[in-house]
Student: 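Have a look at this one.
Since this is a predicted model, take the numbers as computed values, not measurements. Each chain gets a letter, A, B and so on, in the order the sequences are listed, and its residues count up from 1.
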There are 2 protein chains.
Amino acid sequence: MRSSVPPFQLAELPSSIADDGDETRFCGTCAFSSACIAAGYDKPELAELQCLVEHVGPFCAGEHIFRTGDPFRAIFAVRGGTVKTRMVDKDGREQVLGFYLPGEVIGLNAIYPERFPCDAVALDTAFFCRFSFPAMSALASRVPAVQQHLFRMLSKELGSASLLAGDHSADERVAAFLMDLASRYAARGFSATHFHLSMSRGDIANYLRLAAETVSRVLSRFRAQKLIQIEGRELHLLDVPGLRAIGQALLPD
Amino acid sequence: MRSSVPPFQLAELPSSIADDGDETRFCGTCAFSSACIAAGYDKPELAELQCLVEHVGPFCAGEHIFRTGDPFRAIFAVRGGTVKTRMVDKDGREQVLGFYLPGEVIGLNAIYPERFPCDAVALDTAFFCRFSFPAMSALASRVPAVQQHLFRMLSKELGSASLLAGDHSADERVAAFLMDLASRYAARGFSATHFHLSMSRGDIANYLRLAAETVSRVLSRFRAQKLIQIEGRELHLLDVPGLRAIGQALLPD
DNA sequence: AGCGTGATTTGACCCAGATCATGGCCGCCG
DNA sequence: CGGCGGCCATGATCTGGGTCAAATCACGCT
């Protein structure tokens, strides 16, 4: 199953749900679109996907999509905007677990505990498709492509955890982080060399297990080396091979 | 679904597969036993689980169960022994991703890429149940409890990745590591205060992103503080509350 | 315009843990 | 037996990145 999918989307199916005029664009990046294609986008089972999906949002920057301990009832696909997930330990220290871009899915780590084990916080104005998980499981039993898609999404997320693994320098981590973001934007059809960092330096640092000052210094150094151009949160990647070389130990391939 | 399950196991079902006399004991810790219970251990569908499972082993210490790049066809439940998973980057540096005890499952992170993204290496003499994944998926479509169990195992593994997350001291990491092992042994019915470390100090250090010397020093310090008693790889936990307090920021609850 | 709050950058200093080095222990094998 | 190669422990030294501090900037608000 390719990640570049034909432009047939959920929202283009004959549908009784309201169309806000943006759905085509939003669903163009949807995490489930490949499941829809695989199952055949005109099969009657897919009408059920529409029954169990609910569009939610907007959430403003700083608002919670869910909180640690909330009972798990649904997973959320990001339609637009950016989200961070984080845990807060007893001492009140935050740990950022990940950033989620349009088309990616949050909440999968709540299936087992049946409660959300982390918070999800919008980093900018964000919209979601909310998929009832019990309904989704039931559908998965009847539509193998949906089941397979869920397995794949879960497995994929397992793999991405290893971006943080290992004992690596600040330069390696930051370069790998930027390349990872670039490839994820590219996979959804956005520019791979020019994008906006929705998260603060502090969030990046926390995610990469560095101090905010270190991230700032590394970015300044990368700029001085003409690897990137950065103004505030607006980022251009100038030397992708150079960045890839620096981050190679943390990157796939 | 509790992790302490009644003692009904796969191997106790009426079965046509060979019984080597050890299956009852081995399967007593099996990762799938709760799925069997949930589905009702006498339902005919479960006969199919027996068709798709295959007992493999023994593997000796240092032998590979699978290697990076091998095509993904099955997942493996540890019946006995211990396994580490690891990635080796282009520079030849190893990164230990996890340790797997009896009853735990390896290979779930290979579903999405359809190839194993890491090596699995036996740390001592190890045995496995090999579950064909295509057959398992097909069964999951027909038996909701099996599907649910797969979802839960995947989700559970997502959560466990956060043991390494965060910016924590060597003492915190080592204490949390010992407590994690203890609770996992306890969950399978082994002693929670006395067990054998199948992995070298170097493997522990690599997993925790420390130097082997640091792990050695921390363990010596814990011994001096009467938190543990340790001789080679034989470990007694003497002060569980004390260890828990040190590792609390990394531990659940 | 003036102010306040939070994000970002940059410099100075320090420390936890890495690295280097040494020695002991144990099992294996010729 | 004796040599060799893994592991493990422990001391000495070094350093990447954390911490503290201060200046600047970008805001929205009054």
Student: If a protein heavy atom is under 4.0 Å from the base, mark B; if only from the sugar-phosphate, S; if neither, -; do that for nucleotides 19-29 of chain C going 5' to 3'.
Tutor: BB---------

Student: In whole Å, what is the span from the CG atom of B/Leu208 to the P atom of C/dG17?
Tutor: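 Checked: the CG to P distance equals 12 Å.
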
Student: Would you confirm whether A/Arg188, through its side chain, and A/Gly103, through its main-chain N or O, come within 3.5 Å as a donor-acceptor pair?
Tutor: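 Here the side-chain-to-backbone pair exists.
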
Student: To the nearest Å, how far apart are B/Asn206 CG and C/dG17 P?
Tutor: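 In whole Å, C/dG17 P and B/Asn206 CG are 17 Å from each other.
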
Student: Keeping to residues at least two apart or across chains, list the salt bridge (Lys or Arg N to Asp or Glu O under 4.0 Å) pairs with something in residues 92-102 of chain B.
Tutor: A/Glu172-B/Arg93, B/Lys84-B/Glu94, B/Arg86-B/Glu94, B/Asp89-B/Arg93, B/Asp91-B/Arg93

Student: Take the C1' atoms of the five end pairs on each side of the helix from C/dA1-D/dT30 to C/dG30-D/dC1, get both axes, and report the angle to 10 degrees.
Tutor: 30°

Student: For the residue pair B/Phe99 and B/Phe177, categorise the inter-ring angle as parallel (less than 30°), tilted (30 to 60°) or perpendicular (more than 60°).
Tutor: perpendicular

Student: Please walk me through it: do B/Leu227 and B/Leu178 pass side-chain contact (heavy atoms from CB on, under 4.5 Å)?
Tutor: CA-CA 11 Å; B/Leu227 292 165; B/Leu178 297 180; over 6 Å; no

Student: Got a sec, which residues hit side-chain contact (heavy atoms from CB on, under 4.5 Å) with B/Ser200, two or more places apart in sequence or on another chain?
Tutor: B/Asp203, B/Arg233

Student: Under 4.0 angstrom, heavy atoms only, what part of the nucleic acid is B/Ser216 near: base, sugar-phosphate, or nothing?
Tutor: base

Student: Classify A/Leu219 by what it touches in the nucleic acid, base, sugar-phosphate, or nothing, heavy-atom distance under 4.0 Å.
Tutor: nothing

Student: Find the distance between OG1 (B/Thr68) and NE2 (B/His64) and round it off to the nearest 0.5 Å.
Tutor: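 Nearest 0.5 Å value for the OG1-NE2 distance: 7.5 Å.
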
Student: For a quick check of understanding: with a heavy-atom distance under 4.0 Å over all strands, which category does A/Arg209 fall into, base, sugar-phosphate or nothing?
Tutor: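 Here A/Arg209 touches the backbone only, sparing every base.
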
Student: To the nearest 0.5 Å, what is the distance between CD1 (B/Ile75) and CZ (B/Phe116)?
Tutor: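 Between atom CD1 of B/Ile75 and atom CZ of B/Phe116 there are 9.5 Å.
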
Student: Can you check whether B/Arg209's main-chain N or O pairs, donor with acceptor, with A/Asp167's side chain at less than 3.5 Å?
Tutor: no

Student: Ring centroids only, cut at 6.0 angstrom: are B/Phe195 and B/Phe190 within range, meaning strictly under it?
Tutor: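 No, ring centres 6.0 Å or more apart.
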
Student: On DNA chain D, reading 5' to 3', which nucleotide is the first and which the last to sit with an atom under 4.0 Å from a heavy atom of chain B, could you check?
Tutor: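 Listed 5' to 3', the contact boundaries are D/dC7 to D/dA12.
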
Student: Which sits closer to the 5' end of DNA chain C, B/Asp171 or A/Met199, going by the nucleotide each is nearest to?
Tutor: A/Met199

Student: In Å and rounded to the nearest 0.5 Å, what is the OH to CD distance from A/Tyr207 to A/Gln95?
Tutor: 10.0 Å

Student: Could you report the tightest heavy-atom contact between A/Pro102 and A/Gly80, atom names first, then the distance?
Tutor: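 Where A/Pro102 meets A/Gly80 most closely, the heavy atoms are CG-CA, 4.2 Å.
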
Student: Would you say the ring centers of A/Phe59 and A/Phe128 fall short of 6.0 Å from each other?
Tutor: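 That pair passes the under 6.0 Å test.
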
Student: So if I take residues 230-237 of chain B and measure heavy-atom distances to DNA chain D, which residues fall below 4.0 Å?
Tutor: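 Here the set is B/Arg233.
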
Student: Let's go through B/Phe66 and B/Phe76 carefully: what are the C-alpha distance in whole Å and the side-chain angles of both, what is the deciding distance for side-chain contact (heavy atoms from CB on, under 4.5 Å) to 0.1 Å, and is it a yes or a no?
Tutor: CA-CA 10 Å; B/Phe66 51 76; B/Phe76 297 81; 3.8 Å; yes

